[in-house]
Amino acid sequence: MRRRLRGSTAWWRWGLLGGLLLALVACAGKTPRVPEAKVSEALPEVTRITFQGNTHFSSRALRRVMAIRPRPLWPPWRRGEPYNPPTLAADLRRLKKFYFDRGFLQAQVRLAAVHESAEGTQVQLEIAIDEGPETRVAAVQLAGTLPPELPPAPQLLAALPLRAGMRLSKAAFDQSRELLRERLHAAGYARARVIPHTEIDLKTHAATVTFTLEPGKRATVGRLTIRGARQVRETAIRRQLTLCEGEVFSSTRLRESLEAIYGLGMFQAVTPHLQRLEEPDAPLDVVIEVRERRPRSVEVGFGFSTVERFRLQTAWTHRNLFGGAQRFSATGKVSSLEQTLEARLRLPAPLGRRTALTQTFFVRNEQEINTDPLGLSDALFDIKDPQPAFDLLRLGANAELTYRLSRRLSVLGGLELSLNQFRNVDPQALASVGPGLGEDNLLLVQFGEAQWNSSDHPLDPTRGLVLRGRLEHATTAMLSDTSFVKAVVEVRHYLRLWRQLVLATRLELGSLQPYGASDEAPFNVRFFAGGPGQRARLCPKSPRSPRCPGQPRGRQQPARRQRRTALPPLRPPRRRALRRFWQRVSRIFHV
């Protein structure tokens with residue numbers, strides 16, 4: 001009893017102390033806000049800002065430039081900024097600079113009127129704008145010394161954003177200057193300068209832009225220093241460098257080195273610093289400063305889709321297993337389509353720079369489980385058995401070696417050994433194709449892949465093109481129970497439409513051909529029609545799997561269960577067609 005009383009008294013004391021600390025923090029946080037509230041009450045509120053004379057730019061775009069914001073439509077309880085004449089004068093200068101940077105060099109901005117309410121608590125501002133004539137670019141020229149390592153002047157000018165005939169824009173002007181400087185730095189002229197000069201004819205409103213190139217001497221790389229690495233060994237970081245000491249400096253190779261270091265997954269930031277830039281004849285010392293992240297992480301994901309229904313995925317990752325940025329991850333996934341356990345080990349630069357070795361052990365069970373015991377999702381989305389033909393258990397290992405030929409082009413090759421066991425096979429699905437295709441098999445697949453990636457981001461691309469070609473081969477002379485050749489070509493294109501809205505287009509073509517003593521390819525490597533899980537729609541004696549007679553149309557899909565399918569046409573009954581349409585769309589956005 002004494003122990004209980006002492007424990008409760010201790011908790012009571014700790015609670016009282018915590019309440020006092022929270023009260024002190026709240027009072028300290030409220031103290032500096034009191035003068036701001038008094039000032040906002042003293043000044044009237046800006047409820048509306050209107051513009052007169054703006055024809056090239058909308059009023060909404062002009063309001064974003066200003067610091068004074070009017071009362072928004074939503075949420076209705078928010079107030080506008082207080083009316084402050086010094087802030088308004090600064091906003092008028094910002095608007096004039098906004099027009100100046102976009103080619104309107106003679107634009108005038110002034111305050112036309114201030115409408116104050118009878119109570120004196122609200123004001124409405126009217127801003128008059130005289131845009132004036134726009135200035136066009138008459139010619140873009142290059143002067144100075146053009147190094148022999150760069151393309152000819154006409155080719156350089158054709159690649160610049162600033163061109164003759166367009167409106168004079170500061171953004172295009174700065175981008176052109178930066179592009180020329182990057183081309184010089186990539187050629188080894190690290191101390192190069194690009195000096196712009198603009199001549200404007202006020203009568204014709206035409207501008208002549210001249211970029212003077214001063215490349216100087218080509219710089220060599222001096223000392224390469226790595227700073228900030230505490231958990232990762234410095235030798236593991238240096239293996240990712242494509243820039244070597246004593247070679248000619250190249251900003252392109254420096255950028256590739258930084259991307260390779262960041263790709264190890266153990267760093268939050270990788271920042272380069274160039275030293276001795278002021279000495280024209282001295283080599284450049286490069287200091288790469290890294291900031292490490294936590295080596296271990298745990299991820300848990302939960303989702304729902306009309307195809308997989310409820311799904312759960314967990315992953316544990318160690319990004320620095322042996323101190324050399326070796327990444328090990330263990331992943332588990334449970335859904336109505338498949339259950340997967342996977343362990344993956346990635347070794348960076350095992351055979352030199354630009355290489356990576358990945359070893360994977362996996363167990364995949366493609367069997368339906370009861371993820372919806374009440375049957376609510378089945379009744380709502382009319383979900384049928386996702387595995388109508390058979391269940392498949394795959395045990396195996398995969399080893400692949402990747403080599404980066406360039407920043408965009410990479411190739412890989414490897415082996416995959418898998419044991420495939422079929423269960424609950426539907427006899428009707430094998431009646432016309434033969435029982436041999438549903439028997440257990442052992443496969444040793446040799447594969448090779450080439451990929452060209454010109455997208456702007458490896459994980460979340462918004463623009464660019466991805467081309468991928470993959471070739472797989474298995475033969476009975478090397479442990480496999482069947483012989484076949486399989487080829488897949490994939491094209492992906494990304495186009496940003498508006499802000500975060502990205503149009504992603506994907507096309508995949510495949511071919512599968514048995515040879516030798518093998519007349520048919522097993523189910524687990526075949527192409528399928530009708531989407532994921534629709535294995536009862538296999539066409540008899542056709543490794544390419546065209547559309548079966550009497551079956552719904554669907555784009556040919558490889559056996560590794562790609563989730564994007566073609567949208568079916570709307571046919572009566574409309575309710576069932578719309579439900580099928582929703583199922584197909586969910587496969588695109590939820591997987």
Side-chain angles (χ1 to χ4, degrees), residues 338 359-367 387-401 411-450 468-490 508-530 532-551 554-562:
E338 63 180 3
Q359 178 67 52
T360 306
F361 300 92
F362 60 87
V363 178
R364 296 188 180 96
N365 183 29
E366 299 180 1
Q367 178 185 12
Q387 307 289 352
F390 58 85
D391 298 333
L392 177 62
L393 176 63
R394 301 190 66 220
L395 307 174
N398 181 303
E400 62 181 33
L401 181 65
V411 295
L412 64 88
L415 298 174
E416 179 177 312
L417 178 64
S418 62
L419 175 63
N420 305 278
Q421 298 180 355
F422 294 87
R423 296 172 298 172
N424 302 326
V425 180
D426 187 3
Q428 297 181 357
L430 303 179
S432 58
V433 298
L437 298 182
E439 295 180 353
D440 300 346
N441 59 74
L442 178 66
L443 294 179
L444 179 61
V445 180
Q446 309 94 48
F447 59 89
E449 182 176 322
R468 186 179 69 91
R470 184 181 178 91
L471 182 65
E472 299 180 3
H473 173 260
T475 176
T476 54
M478 298 179 61
L479 298 179
S480 298
D481 295 335
T482 182
S483 301
F484 65 89
V485 177
K486 184 177 180 180
V488 178
V489 178
E490 182 182 6
E508 183 172 301
L509 301 175
S511 176
L512 176 63
Q513 182 64 45
Y515 71 94
S518 302
D519 298 332
E520 299 288 345
F523 278 174
N524 51 291
V525 297
R526 278 184 158 222
F527 293 95
F528 294 89
Q534 305 299 325
R535 304 197 168 173
R537 298 181 182 176
L538 282 174
C539 299
K541 298 181 180 181
S542 176
R544 296 177 184 266
S545 182
R547 187 172 68 92
C548 304
Q551 297 292 341
R555 190 171 62 82
Q556 296 181 5
Q557 298 242 342
R560 63 176 179 277
R561 311 173 66 83
Q562 298 291 339

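These values consider heavy atoms only, across backbone and side chains, with no hydrogens, waters or symmetry-generated copies.
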Please give me the minimum heavy-atom distance between [X] and [Y], naming the atom from each residue.
| X | Y | result |
| --- | --- | --- |
| Thr476 | Ser483 | N-OG, 3.0 Å |
| Ser518 | Thr482 | OG-OG1, 3.1 Å |
| Ala487 | Leu471 | CB-CD1, 4.1 Å |
| Glu472 | Phe447 | CG-CB, 3.9 Å |

Would you give the length of the straight line joining atom [atom1] of [X] to atom [atom2] of [Y], rounded to the nearest 0.5 angstrom?
| X | Y | atom1 | atom2 | answer |
| --- | --- | --- | --- | --- |
| Asp391 | Asn365 | CG | CG | 7.0 Å |
| Asn524 | Asn441 | CG | CG | 4.5 Å |
| Arg423 | Asp440 | CZ | CG | 10.0 Å |
| Glu338 | Glu366 | CD | CD | 5.5 Å |

Q) Would you call the rings of His473 and Tyr515 parallel, tilted or perpendicular, where under 30° means parallel and over 60° means perpendicular? A) parallel
**Q.** Within-4.5 Å side-chain heavy-atom neighbours: Phe484 and Val525
**A.** yes
Q.
Tell me if a side-chain donor or acceptor on Asn420 pairs with a main-chain N or O of Leu442 at a distance below 3.5 Å.
A. no
Q.
Tell me every residue that passes side-chain contact (heavy atoms from CB on, under 4.5 Å) with Ser480, counting only those two or more places apart in sequence or in another chain.
A. Leu443, Leu444, Ala474
Q) Among all residues two or more places apart in sequence or in another chain, which pass the side-chain contact (heavy atoms from CB on, under 4.5 Å) test with Phe361? A) Gln359, Ala397
Q: Return the set of residues passing salt bridge (charged side-chain N to carboxylate O under 4.0 Å, His left out) with Glu449 (not counting sequence neighbours), or none when no residue passes.
A: Arg468, Arg470
(Q) Determine whether Leu419 and Leu393 satisfy the following criterion, side-chain contact (heavy atoms from CB on, under 4.5 Å), listing intermediate values before the conclusion. (A) CA-CA 8 Å; Leu419 175 63; Leu393 176 63; over 6 Å; no
